[in-house]
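Down below is the structure, laid out as structure tokens.
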Amino acid sequence: MRGTSKRNPWAWIPTLYFAQGLPYVAVMTISVIMYKRLGISNTDIALYTGWLYLPWVIKPFWSPFVDIIRTKRWWTLTMQWILAFALAGIAFTIPTPFFFQLTLAVFWLVGFTSATHDIAADGFYMLALNEHEQSLYVGIRSTFYRVATVAGQGLLVILAGLIETNSGLTPLEMEVNANPVAEWSAPQMTAIASTEGDLDGELQFFTPLAAHEVAVKAPSTVEMNLCGKDTVIPFKAYAAIMCDSVRTLNERNGFVAAERKAEASTGTASAAAEGPGAFTRWVRDTFGEKRELSTDEISNNIAIVGFRLNKKPEPGETVIVNVTQKGGDQSIRLEQNLLSTRFEFNDSNWDKTAYLYYEIDHKLTATASASFVGASGNIPMAWMVVFAALSGFFFIVAIYHGWALPHPAGDSRDNHTRTSGDIIREFFETFKSFFQKKQIWVAIAFMLLYRLPEAQLVKLINPFLLDPVDKGGLGLTTGDVGFVYGTVGIIGLTLGGIIGGMVAAKGGLKKWLWPMAWSMSLTCLTFVYLSYADAPSLLTVNICVFIEQFGYGFGFTAYMLYLIYFSEGTHKTAHYAICTGFMALGMMLPGMAAGWLQDTIGYRHFFIWTMICCAATIGVCGFLKIDPNFGRKTE
């Protein structure tokens, strides 16, 4: 037998699922950040990168080929080698004149290769481990997948930022300090004039003040001159005018390319003018929360900061600067969704002022500070290094997995006697056999309904934490939410998954199905409590989010194990991929309607509705027939 048929799962499960998560993050997240830094418009980024999710949506349709042709080990290693070369291809095409088209094409290749790797890796996991080990390590594989997403979105982006900061002009350092007791003053958009001192020394960016003081509270109305007439307008309208002024000036002076505007359709405009439809009004009147709305909507304050070059660059030279948040409180936010934070300076606009637009969360109650840095280094080189590092990782991991991945007895295919007709027939037989499995419709109902409460809840947790109290939310600051959900919540989710795997491995899936289903359901009560509680403390919010996310992680273990259980038999790799397609559908469809429902009936009644949906989670479990020994360690 080649190599070994058995190896310690710790030798390959963490690295395999870490490698599974990185390409997904590269395609879905890192690509967007890279294109933004390289000057691609928001319109093009949204249009072209949005389609990159397609390979993961349609992967069940070619999963039978992975199951039929060659071994899962062969597919896993081959996809890792292709990923290594493809990621290197992205690195080498970034400096080219047509980098957007070329890198986008390679990202498509990475997407399809990564989706195929997912199919093969999940199939290999089921073949290389017995039922008990599959239960035990299901939380470990999820944990290392999440670690990969954190590393991809965090460490790799930080690496690119460090290279940008240290490879160009001296970074522009700025600080914005928000004071809850300071009086409001209108932001100034006065052009920065040159002085003899500014023109001395090396080429660099500067701003008149290194630290900008700003009030937290904004007035409800502002008086400003519109069309030659002094007019009092709501602060929200004033902020929108100032935001548009920043955009117009930056575009007019050539710092930022003008975005193409997408025109709204007539039908959309008509619907907006007519207001909610009859069904929405009926739902709101019948089930909606009777809340007294505040007539004075509180708006976030704004700050506008200008900067420019100190002297003229060489003829034909373009100096690009990207401004990002370096540290401090996330409640002081640099606007990046509506306005570009990438600026191009040259010998014709160097003496003009570029403007940055900040929002300060009005819910801040203590003095807060945030620092920002403008990096003008070699941006293409920075992202070349990032993707070269990713490529190097996959070269290493492919070599390592060539040694570390075992050779399971069940992972063998003899294709020498197969004709193309045999393969095509087996392809269709794979789908036929899936829908001929026992309890197929019960299983599909379970895949679609088990996560029904969480599929809706997950879309509204962050908005609920952020929305002001008068709208039914908790009124937390952006910085608080980043810690509560991005740190405490992730810890709870991870611990729940690991502990769920351990107990399922000890008692089996059938024994722990009901406790896990109730865990998935009852923990939703924490948000019912928070929505009715009178000004809960931040500690209480942290505890509730931890409990809910722990319960979800613990309960999700039963879901993953059932997908593995239902996929057992011939073509288990393809069948598992089909199951994951239903899993994605079960999250997507309820999530699409969650925002509308919450907006119609309010947070309190929406959370009560999620508790009602828990009946589907519990009810569908009652129809499942599971082998009591599945997942349990046997002597």
Side-chain angles (χ1 to χ4, degrees), residues 18-59 79-80 82-118 145-164 256-257 259-260 262 320 322-325 336-342 375 377-395 397 584:
F18 188 84
Q20 188 180 108
L22 276 182
Y24 179 83
V25 175
V27 172
M28 299 306 300
T29 303
I30 298 179
S31 65
V32 174
I33 300 171
M34 182 188 76
Y35 287 139
K36 185 73 174 175
R37 304 289 271 183
L38 291 170
I40 304 300
S41 69
N42 288 347
T43 305
D44 287 339
I45 291 174
L47 176 63
Y48 294 108
T49 62
W51 284 99
L52 292 176
Y53 185 63
L54 183 64
W56 285 274
V57 175
I58 63 175
K59 70 178 182 179
M79 293 306 105
Q80 288 177 1
I82 294 175
L83 284 169
F85 283 104
L87 291 166
I90 294 175
F92 288 125
T93 53
I94 286 174
T96 62
F98 303 103
F99 76 90
F100 185 50
Q101 294 87 341
L102 292 173
T103 55
L104 201 61
V106 184
F107 272 124
W108 274 102
L109 174 62
V110 171
F112 279 101
T113 306
S114 177
T116 306
H117 180 268
D118 292 356
Y145 187 92
R146 293 190 195 102
V147 170
T149 62
V150 173
Q153 297 178 65
L155 296 179
L156 290 175
V157 175
I158 290 172
L159 173 62
L162 288 173
I163 296 172
E164 288 183 29
V256 176
E259 288 273 355
R260 299 194 306 273
I320 298 172
N322 282 281
V323 183
T324 55
Q325 185 161 351
Q336 300 177 72
N337 297 324
L338 300 176
L339 302 175
S340 176
T341 54
R342 180 185 186 273
N378 191 329
I379 299 171
M381 184 186 75
W383 292 102
M384 280 180 63
V385 171
V386 166
F387 281 96
L390 274 174
S391 174
F393 168 80
F394 272 94
F395 276 116
V397 86

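This chain uses plain numbering: 1 for the first residue, then up along the sequence.
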| said: Show, in sequence, the C-alpha distance, side-chain angles and deciding distance for Phe85 and Leu109, and conclude whether the side chain to side chain contact (heavy atoms under 4.5 Å, CB included) test is met. | reply: CA-CA 11 Å; Phe85 283 104; Leu109 174 62; over 6 Å; no
| side chain to side chain contact (heavy atoms under 4.5 Å, CB included) between Thr116 and Lys59: does it pass, once the steps are laid out? | CA-CA 7 Å; Thr116 306; Lys59 70 178 182 179; over 6 Å; no
| message | Run Thr96 and Leu102 through side chain to side chain contact (heavy atoms under 4.5 Å, CB included) and show every step you take. | response | CA-CA 9 Å; Thr96 62; Leu102 292 173; 3.5 Å; yes
| task | Please report the C-alpha distance between Ile40 and Phe100 in whole Å, then the side-chain angles of each, then the deciding distance to 0.1 Å, and finally whether the side chain to side chain contact (heavy atoms under 4.5 Å, CB included) criterion is met. | result | CA-CA 8 Å; Ile40 304 300; Phe100 185 50; 3.9 Å; yes
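Each of Phe92, Phe107, Phe393, Phe394 was compared with Leu87 under the side-chain contact (heavy atoms from CB on, under 4.5 Å) criterion, and only Phe394 meets it.
Side-chain contact between Ile90 and Val110: present, with at least one pair of heavy atoms (C-beta onward) separated by less than 4.5 Å. Counting only heavy atoms from C-beta outward, the side chains of Asn378 and Glu164 never approach each other to under 4.5 Å.
Taking every heavy atom of both residues into account, Phe99 and Ile94 meet most closely at CB-O, 3.2 Å.
Judged by distance alone, the side chain of Arg342 and the main-chain N or O of Arg37 form a donor-acceptor pair under 3.5 Å. Of the possible polar contacts, none joining the Ser114 side chain to the Gly111 backbone as a donor-acceptor pair under 3.5 Å is found.
Summarising the geometry, atom CG belonging to Asp118 is positioned 11.0 Å from atom OG1 belonging to Thr113; distances are rounded to the nearest 0.5 Å. Atom-to-atom distance recorded for Leu52:CG and Trp108:CH2 is 5.5 Å, nearest 0.5 angstrom. Rounded to the nearest 0.5 Å, atoms CD (Gln101) and OH (Tyr48) are 8.5 Å apart. Rounding to the nearest 0.5 Å places CG of Leu162 at 10.5 Å from CG of Leu155. Here the straight-line distance linking atom CG of Asn322 with atom CD1 of Ile33 works out to 12.0 Å at 0.5 Å rounding. The OH atom of Tyr35 sits 2.5 Å away from atom OG1 of Thr103, with the distance rounded to the nearest 0.5 Å.
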Sequence neighbours left out, cut at 3.5 Å: what donor-acceptor pairs do the side chains of residues 384-392 make with other protein atoms?
from, atom 1, to, atom 2, distance (Å)
Ser391, OG, Ala84, O, 2.6

Donor-acceptor pairs under 3.5 Å, side chain of residues 19-31 to any protein atom, not counting sequence neighbours: which ones?
from, atom 1, to, atom 2, distance (Å)
Ser31, OG, Val27, O, 2.5

